[in-house]
Asker: 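Once you've had a glance at the structure underneath, I'll fire off some questions.
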Number of protein chains: 2
Amino acid sequence: MTITRRPLREQIRDEVLTRLVRGDHPVGERINEGELADELGVSRTPLREALAGLAQEGVLELRPNRGFWLLPLTVDEVKETYPIIGALEAFALRQCDIQVLAESVPRLNELAQRMLDVDPLEAGRIDDQWHDELLKSCPNKRLLQLIKAQKTVVHRYEFAYFTSRKRIMRAETEHRLIAKAILERDMDRAAGELVGNWTVDPGVLREVFG
Amino acid sequence: MTITRRPLREQIRDEVLTRLVRGDHPVGERINEGELADELGVSRTPLREALAGLAQEGVLELRPNRGFWLLPLTVDEVKETYPIIGALEAFALRQCDIQVLAESVPRLNELAQRMLDVDPLEAGRIDDQWHDELLKSCPNKRLLQLIKAQKTVVHRYEFAYFTSRKRIMRAETEHRLIAKAILERDMDRAAGELVGNWTVDPGVLREVFG
DNA sequence: ACTTTAAATTCTGAATTCAGAATGTAGAGT
DNA sequence: ACTCTACATTCTGAATTCAGAATTTAAAGT
């Protein structure tokens, strides 16, 4: 038996992030450390470590002497963050092993298909898996780590974002086009499509932000 | 009088980072929290916050129950991080206002010149300023923030890196080429040169790592 | 002398406590 | 009624304390 002894701060991080993503906490509001610590049944020390980490990633803001605040979801944040991820992933894709990529295509298409069959929430998770599978042969591990951190920020949006069936279908289409480009060994096109995959269309932005 | 009341954790962060970059601490070794806290005259709590931040940025590693370790400078880290910064800066450059860029050229060239006149240590600082000036009109603030964080990691290397006069001269040349491309409104070339500026040549790598 | 095991020490992770900043409230003065 | 100030309360930032994990030291056995 492998007894789990994960540091408390990590467990807290996961739980807090889940709550924030789930929308339990009012957006744009202060987080009361004492209250939250009590709820979670832990002390403020590891909680603060977890919150500080999320602040550094850009999910929260830490105002001196005012505490942690859940940053509001803004159009700007979407407009800024998604393209960054697009650029990073395209860059990562170019460092991937083309042979491994080609071998991944069946799995990629399988995942693309599955996105259509599940509920919107699960779709976001599968979308993640798709991108992980795509970039798994990128030797620049630091780059992959960076991409992962950026995605944490946008995960908050996927609730609003992937609830649109249209959006899921668009993602599916794009995923298949990228897979096709890979099979044809056209990495320029694949990278271009990948950037496009991280481009939010204005219509959806209006839909989400009004 | 504006009394300075910067959070202790931030002051500690700066001081610790300076020490690490300066090479005060043996690379690849554990950091003794109690000892360092005593040296700095603070308690372990804010020190840990500072260290945790540096760990998240990738300067330190935090091993559960083993504490913080100063990551060794590795060839891999250079090979992985520099290209990331190159890709991010090139991406940022494309979002800059071409008019503002053109107006920056005199200042950019002045900074490029000054790199030649100062000691290698100061050269690194000026190099930073040059890149800041270049990208100041990029509207994607999150991207700029990300670039800055990545550079923190790399700063440790500049001691070893910029001590090479040859390297400084190469940087100066490249900076001027980028400025020239901007004046000619050839942003493709400018971006290409910028990526090149973040490409470490194998000769220098051998020189630094043996 | 060398290995193994047990005790002692050191150090990290987390809880608790304390100090001071920010906020909220009540009362005095206009 | 409204504003300003003084006081009380709440909350964050930091220090201190405590528990338990990892490491080191010492001793026993081969």
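Just so it is clear: chains get the letters A, B, ... in the order the sequence lines come, proteins before strands, and each one is counted from 1. Just so you know, these numbers come straight off a predicted model, no measurement behind them.
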Asker: With a 3.5 Å cut-off and just heavy-atom distances, do the side chain of B/Arg66 and the base of C/dG13 make a donor-acceptor pair?
Answerer: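 When only heavy-atom distances are counted, B/Arg66 does not reach the base of C/dG13 through any donor-acceptor pair under 3.5 Å.
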Asker: Regarding A/Arg44, tell me which of base, sugar-phosphate or nothing describes its non-hydrogen contacts under 4.0 Å with the strands shown.
Answerer: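 The residue A/Arg44 makes base contact.
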Asker: Apply the test side chain to side chain contact (heavy atoms under 4.5 Å, CB included) to residues A/Leu60 and A/Leu20: give CA-CA distance (whole Å), side-chain angles for both, the deciding distance (0.1 Å), then the verdict.
Answerer: CA-CA 10 Å; A/Leu60 303 176; A/Leu20 295 181; 3.8 Å; yes
Asker: Name the orientation class of the two ring planes belonging to B/Tyr157 and B/Phe209 (parallel below 30°, tilted from 30 to 60°, perpendicular beyond 60°).
Answerer: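 The rings of B/Tyr157 and B/Phe209 sit tilted, inter-plane angle from 30° to 60°.
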Asker: Whole-Å distance between C/dT23 C1' and A/Trp69 CH2?
Answerer: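 About 11 Å, once rounded to whole Å.
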Asker: Give a yes/no on whether any side-chain N or O of A/Thr45 is located under 4.0 angstrom from OP1 or OP2 of C/dA14.
Answerer: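 No, A/Thr45 has no side-chain N/O under 4.0 Å of OP1/OP2 on C/dA14.
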Asker: Which label fits A/Trp198 and A/His131: parallel for a plane angle under 30°, tilted from 30 to 60°, or perpendicular past 60°?
Answerer: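 The arrangement is tilted - the two ring planes meet at 30° to 60°.
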Asker: In whole Å, what is the span from the CG atom of A/Leu36 to the P atom of D/dT12?
Answerer: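 It is 10 Å, rounded to the nearest whole Å.
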Asker: Quick one: do A/Glu15 and A/Arg13 make a salt bridge, cutoff under 4.0 Å?
Answerer: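 Salt bridge between A/Glu15 and A/Arg13, a charged N being under 4.0 Å from a carboxylate O: no.
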Asker: Scan side-chain atoms only and decide if A/Arg114 and A/Gln129 contain a donor-acceptor pair under the 3.5 Å cut-off.
Answerer: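 Note: A/Arg114 and A/Gln129 side chains miss the donor-acceptor criterion.
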Asker: Look at the side-chain N and O atoms of A/Arg30 and state whether any lies under 4.0 Å from the OP1 or OP2 oxygen of D/dT12.
Answerer: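 Yes.
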Asker: Whole angstrom is fine here: how far is it from CG in B/Leu40 over to C1' in D/dA14?
Answerer: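 That distance rounds to 14 Å.
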Asker: Which sits closer to the 5' end of DNA chain C, A/Ile12 or A/Asn65, going by the nucleotide each is nearest to?
Answerer: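 This one resolves to A/Ile12.
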Asker: Could you check how far CG of A/Leu62 sits from P of C/dA22, rounded to whole Å?
Answerer: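 Result: 14 Å.
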Asker: Output the rounded distance in Å from CZ (A/Arg63) to P (D/dC11).
Answerer: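 Spelled out: CZ on A/Arg63 to P on D/dC11 is 16 Å.
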Asker: Please state how far atom CD in B/Glu33 lies from atom P in D/dT16, giving the value in whole angstrom units.
Answerer: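 My rounded result for the distance is 16 Å.
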Asker: Could you state the atom-to-atom distance from CG of A/Leu8 to C1' of C/dT16 in whole Å?
Answerer: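 Computing the A/Leu8:CG to C/dT16:C1' distance gives 15 Å.
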Asker: Could you list by number each residue of residues 46-61 of chain B showing a heavy-atom separation from DNA chain C of less than 4.0 Å, or answer none if no residue does?
Answerer: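 Listed by number, they are B/Arg48.
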Asker: Send over the distance from B/Asn32 CG to D/dT23 P, rounded to a whole Å.
Answerer: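 These atoms are roughly 14 Å apart.
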Asker: Taking all non-hydrogen atoms of both residues, which atom of A/Leu47 and which atom of A/Ala37 are closest, and how far apart?
Answerer: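 Nearest pair, atom of A/Leu47 first, then A/Ala37: CD2-N, 3.6 Å.
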Asker: Closer than 4.0 angstrom, basic N to acidic O: yes or no for B/Glu39 and B/Arg19?
Answerer: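 Answer for the salt bridge query: yes.
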